[in-house]
Amino acid sequence: MHRLQNSRIDRAVSLPAVGTLLNEPAYAELVTEYGRSRVVEAIREQIASERSGEADGSQRHAAVASKLRAAVAPNLRWVINATGVILHTNLGRAPLSRAAMEALAVAAGYSNLELDLVKGRRGERAALVGGLLTSLFTCESALVVNNNAAAVLLTLTALCRGKEVIVSRGQLVEIGGSFRMPDVMRLSGARMVEVGTTNRTRAVDYEEAVTSRTAALLRVHTSNFRVTGFTETASLDQLREVARRHDLLLLDDLGSGAMEQVGDEPTVAESLQHSDVVTFSGDKLLGGPQAGIVLGRGEKGADAVKKMARHPLARAVRIDKLTLAALEATLSQRLTGHADQIPVERMLHMPVADVRRRAAMWSVKLAERGVENRLIEGSSAVGGGSLPEHDLPTVLLAVAGPASRLATALRQGSPPVLARIEKDECCLDPRTVLKGEDETLIDAVETAAAALRK
Ligand SMILES: *Cc1c(COP(=O)(O)O)cnc(C)c1O
């Protein structure tokens, strides 16, 4: 005990002052790179851990430099998604196409965001994508906002405030933790009239709830769950009939905005056959940036969209210039028949044979480097609150070893790799690993496996 105290005192006495260290050329270099205050703070931390005996002084400069590097490293980092979940909410949902990324760079500088270059007059930022949207979806009018939650809020606020909106009890969904339909409805100032039950709602339930204060019927796609068994929902064409008879708006919150049939996901085209206003996300199945897309069909829909665009809330939820650029590029790719260049689209349609070939290539390379592994059949998921029960057959590479420790090592590696644990094995799904990431992934797996063997 006595000795320990003495050695602590010895250590304290021999520790240099912060000011002395700062005068040394090696630390002065760090000041030039990271700024004086950060370096002072890092040195203080290092000296404190030397005093407490946690660190020794032999590697002091290297330890300070590494603290500084860590302190200025960006918090937002590129990660490799090997989870097999295409629209991974924690990983930023849809990865953008190369064209969309290039468009981001254009919008980052000065651009003609709100300038009509031909006439030299002020232009509308929304006009940059309005035409693309109406052509792509064959409808009368379109509007883009910050995200789909904002699109729904704006729809209800601009069109239904102070009036009643009829919605099925089976569709009062919560999406992504904080977007609850009843809350959004309250916030908009529209009065929600719930009809039917959790599992069954018929067209007649809507019909009977119509009053002179009713403004709209709302259908909400139950994106992230399915009610199975004894169920019944009113179809959009039945709702169309009710809306027509009472001169009401038919609003459809689609969520995903699928362009073609995937599982039981309703498509935008189907919705537009019946609804006046359709809303969905830009970064779900469309495969673009975070955005809320509003489409208006027919005269009624076009009037509604015009009203929404003029509402003060539209300014508060307006789309950002970077998003707009990426969205324009994504929509152009779809319109010109280059949807296969959109990562989400490619992943959705990747044949299992291609996945298998890639997994086999990884497997051979890893085995050559002494990393034991095997291939197993499995399934990928669409994710992002889309198609909860739709599985895509896939081939997984399972790395031999303690699954959870391997997954942690991969997640904490550089770049971080997100794996999936299945049946107690650490699995990597090639479906969601982007083009060009294969070699980096193989290196990361080798590093993680080696670290565990130590
Ligand atoms: C995802 C989703 C939303 C929210 O969309 P964000 O773009 O995340 O704001 C709203 N409604 C439905 C039905 C959804 O699936």
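The figures here come from the full heavy-atom set of this structure, side chains too, leaving out hydrogens, waters and symmetry mates. Numbers for residues simply follow the sequence, beginning at 1. In listed order, ligands and their atoms are each counted from 1.
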inquiry  = Can you tell me which portion of F179 lies within the under-4.0 Å heavy-atom range of ligand 1? Options are side chain, backbone, both, or neither.
reply    =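 It is the side chain that gets close, since no backbone atom is under 4.0 Å.
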Crowded around [X] [atom1]? As in, over 12 foreign heavy atoms under 6.0 Å?
X	atom1	value
R315	CZ	no
R453	CZ	yes
E124	CD	no
D340	CG	yes
R169	CZ	yes

Need the ligand 1 atom indices (1-based, order shown) with element for anything under 4.0 Å from a heavy-atom of [X].
X	result
D253	10 (C), 11 (N), 12 (C), 13 (C)
K284	1 (C), 2 (C), 3 (C), 14 (C), 15 (O)
R93	6 (P), 7 (O), 8 (O)

task = Could you tell me whether S256 and ligand 1 have an N or O pair separated by under 3.5 Å?
result =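 There is no such contact.
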query = For H221, is at least one N or O under 3.5 Å away from an N or O on ligand 1?
reply =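 No - when backbone and side-chain N and O of H221 are compared with those of ligand 1, no distance drops under 3.5 Å.
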Determine all donor-acceptor pairs shorter than 3.5 Å in which one atom belongs to a side chain in residues 444-451; sequence neighbours excluded.
unit_1	atom_1	unit_2	atom_2	d
E446	OE1	R369	NH1	2.7
T447	OG1	D443	O	2.8

message = Just to be sure I'm reading this right: ignoring hydrogens, which of S281, A291, A151 gets closest to atom 6 (P) of ligand 1? Compare them by their nearest heavy atoms.
response =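 Answer by nearest heavy atom: S281.
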